[in-house]
There are 2 protein chains.
Amino acid sequence: MASVGIKDVAARAGVSVATVSRVLNAHASVSPAARERVLAAVDALGYRPNTLARSLRTDQTRTLGLVISDVLNPYFTELARSVEEEARALGYSIIFGNADERPELQDHHIRTLLDRRIDGLLVSPADGGSPLVLDAARAGTPMVFVDRWIPGLDVPVVRADGRAAVRDLVAHLHGLGHRRLAIIAGPAATTTGSERVAAFRDALAEYGLPLPDAYIGQGDFQAGSGRRATERFLALPEPPEVVFAADNLMALGALDAIRARGLRIPHDIALAAFDDIPWFVHTDPPVTAIAQPTGELGRAAVRALTDLIEGRTPESVTLPARLVARSSCGEHTTTGATRRSDA
Amino acid sequence: MASVGIKDVAARAGVSVATVSRVLNAHASVSPAARERVLAAVDALGYRPNTLARSLRTDQTRTLGLVISDVLNPYFTELARSVEEEARALGYSIIFGNADERPELQDHHIRTLLDRRIDGLLVSPADGGSPLVLDAARAGTPMVFVDRWIPGLDVPVVRADGRAAVRDLVAHLHGLGHRRLAIIAGPAATTTGSERVAAFRDALAEYGLPLPDAYIGQGDFQAGSGRRATERFLALPEPPEVVFAADNLMALGALDAIRARGLRIPHDIALAAFDDIPWFVHTDPPVTAIAQPTGELGRAAVRALTDLIEGRTPESVTLPARLVARSSCGEHTTTGATRRSDA
DNA sequence: ATCCCTCGTGTAATCGATTCCACGAGGAGG
DNA sequence: CCTCCTCGTGGAATCGATTACACGAGGGAT
């Protein structure tokens, strides 16, 4: 029952707790003989230091908090995975919180994380600026934004820039003859929500194409909203020729809606998505997507955060996204297999 | 910089730290006047108790550890989500560890979790019995297995029973005229790895069908292994007519391999998978799968674990899985749209 | 031979909470 | 009016580590 503590180790090794602590923390000034006896005792007793006590004393937990927007979104799980990996390599562990795209749930997790005295926080804010995040940032909690961010805060941001890729996408679509392009946007309160629309609109403008309000669907980055927005598009007197979903889950919803209508992609309507995921290769048809360097983002974010924690001064990082053209918008251009279902 | 502590609150409220603690923990015997002053001080100072100190003293963290086998697997993320949700409802928080199907990584996370003095552990073991898990179980760490388990341990198990569904699947396949059925198995060291093969073999036997060794692919529940196993099947002098992947990621790999060969599903070869996920509706073609009641499993697991922690005696839970027939094995039987790409 | 510095070590304070115990005030009962 | 019990409260020990400080022994320089 009583788990072994540093005292037990000290007793067995015939030294004081101070010496045991010094051995365990690789501090100076321990005789080889004592070190050896301590190590033997640790081993014999199966002693593991109590991290609670240690953290209480040292005021550091070697733990990072990561609040992601939605665990069910493959983009974020991949991000989470790379974050954990890099953190582990640097000697930190990660505690995750899943915001489920709900600001109040995000705040719940941030509060919990802060209560746990994490050393730093990685956030992909679900909203434009919860007071909690603002306060934490101003209170000096080491913090880095990843993917999404909150403007006006002196917090490093690690993200992908999709502008060029969106331009490429629009060029691709225009080249395929599409003129009526619609977008399912994310929440306007998120940077990725509004930026992707802006990038899309700008790219459209280069081709003299408009982006009427009716062609902007309001989504929340989750599948259900993608379905509803697509249904509205399809019910329009003049439906769009292309639907561009601002994330992969809304694209899934769009797929649902299009299928429910009995329509075919790309014959009846074309589809493209932000965020590439393995499944897009195998959907019917394969979905054209904008791929982010997700793993790199996660690693860069952790490095920025640990820099901050350890007193260095990290820079914001912006990595380019790229277009991966498949067949969901028409004639595809990749060098992949040439199969066509009606060949 | 100095974060506010209970002392500061006590000082501002003009009471002792003991009283503050009593107010915060809803203990008996605090005068209304004092309670009010304490609450006011807490509010004014924005005081948040230090959970580290509290846990050190009380020897409980109100935190559960969840070690999942693979975050990139949608089945496990859905499980993780429901686990977190239920835990939150019961006043616990969750710390996740991602084992990535690697026993040594699993052990790393379990050790970290134990070091953090979590109140209980939810595990889906990546192997048949790491010494660490065995020791923890015997040492009395409250523990519940979910999805997979380790035999011979007095640890409650919450899982789905796929035997009936596998039988339904084989009946479905047999009814469609398939006779040469292959399976991509998970690691034999996992219960789900070996059980699904056994269930498949038993069901086959009912129809007098054999399961030759060449038709058993050794996978590890990850996409790459599904691809490799499928390639081997396809290279056989007499390839199988159906490939049944024991999880969704290996099915994804199988899809990759089949596509790379330029083959068509179900025309050239049929495919089915264990674990249903939203993407299976939209793959080309939609994939027949065995669906687990994932959300229910997660919730039941958390309830079992909290029961254990709080001194009650939970039972193991086994929930049924069910077959969801789509078109990847031939003529499909659902009531969905009747689209065929070559109609 | 004396002094001083270094090295290894132990004692005790500390981190921020919870909680046992003791104590004083005030009300009820005799 | 005295006694006893209850209630509200504060002091101090405690959880398990880290670490500042003190101290004794031993070696080198003078």
Side-chain angles (χ1 to χ4, degrees), chain A residues 1-42 45-63 91 111-112 114-119, chain B residues 1-42 45-63 91 111-112 114-119:
Chain A
M1 45 214 68
S3 66
V4 318
I6 198 172
K7 279 204 265 272
D8 305 299
V9 176
R12 190 178 226 268
V15 297
S16 75
V17 295
T19 300
V20 175
S21 177
R22 280 188 277 252
V23 169
L24 264 36
N25 294 283
H27 267 293
S29 298
V30 184
S31 70
R35 151 168 293 111
E36 197 165 332
R37 287 208 313 281
V38 168
L39 259 18
V42 164
L45 298 173
Y47 168 72
R48 303 242 82 207
N50 185 321
T51 55
L52 265 39
R54 187 207 297 268
S55 294
L56 176 60
R57 186 62 233 266
T58 61
D59 201 41
Q60 54 149 323
T61 53
R62 292 208 69 85
T63 298
R111 197 164 345 249
T112 306
L114 259 17
D115 283 353
R116 273 177 203 287
R117 302 305 200 258
I118 48 158
D119 292 343
Chain B
M1 43 213 63
S3 66
V4 320
I6 198 171
K7 278 204 268 272
D8 306 300
V9 176
R12 189 178 228 267
V15 297
S16 74
V17 295
T19 299
V20 175
S21 177
R22 280 187 278 252
V23 170
L24 264 35
N25 294 282
H27 268 294
S29 295
V30 185
S31 70
R35 151 167 294 112
E36 196 166 335
R37 286 209 313 282
V38 167
L39 260 18
V42 165
L45 298 173
Y47 168 72
R48 302 242 82 208
N50 185 321
T51 55
L52 265 40
R54 185 209 298 269
S55 295
L56 175 61
R57 187 62 232 269
T58 61
D59 201 40
Q60 56 149 321
T61 52
R62 292 206 71 85
T63 298
R111 194 158 354 241
T112 305
L114 259 19
D115 283 353
R116 271 176 204 288
R117 302 307 200 260
I118 48 157
D119 293 342

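Per chain, numbering begins at 1; letters A, B, ... match sequence-line order.
Within a 6.0 Å radius of CD in A:Gln60, more than 12 heavy atoms belonging to other residues, nucleotides or ligands are found.
For D:dT9, one of the phosphate oxygens OP1 or OP2 lies less than 4.0 angstrom from a side-chain nitrogen or oxygen of B:Ser31. For D:dT18, the OP1/OP2 oxygens have a side-chain nitrogen or oxygen of A:Asn25 closer than 4.0 Å.
The CG atom of B:Leu24 sits 10.0 Å away from atom CZ of B:Arg35, with the distance rounded to the nearest 0.5 Å. Atom CG of B:Leu56 is separated from atom OG1 of B:Thr61 by 12.0 Å, given to the nearest 0.5 angstrom. Separation of atoms OG (B:Ser55) and CG (A:Asn50) is listed at 9.5 Å; rounding is to 0.5 Å. Atom CZ of A:Arg117 sits about 8.0 Å away from atom CG of A:Asp59, to the nearest 0.5 Å.
Using a 4.0 Å heavy-atom criterion, one finds that B:Ser21 contacts the bases of the nucleic acid, with or without backbone contacts as well. If you check every strand for non-hydrogen atoms under 4.0 Å, A:Asp59 touches nothing. At the heavy-atom level, A:Thr58 lies under 4.0 Å from the strands shown only through sugar-phosphate atoms.
Every stem involving DNA chain D, taken as at least 3 paired positions in a row under the Watson-Crick or G-U wobble test at 3.5 Å, is listed here: C:1-30 with D:1-30.
Ranked by how close their nearest DNA chain D nucleotide is to the 5' end, B:Ala33 and B:Ala53 are led by B:Ala33. Where B:Arg57 and A:Thr51 each meet DNA chain D at their nearest nucleotide, the meeting point lying more 5' is that of B:Arg57. Comparing B:Gly5 and A:Ser16, the nucleotide of DNA chain C nearest to each residue sits closer to the 5' end for A:Ser16.
Of the possible donor and acceptor atoms, none in the side chain of B:Arg22 sits under 3.5 Å from a partner among the backbone N and O of B:Ser29.
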Using a cut-off of 4.0 Å between protein heavy atoms and nucleotide atoms, how would you tag nucleotides 20-26 of chain C 5' to 3' with B, S and -? B------
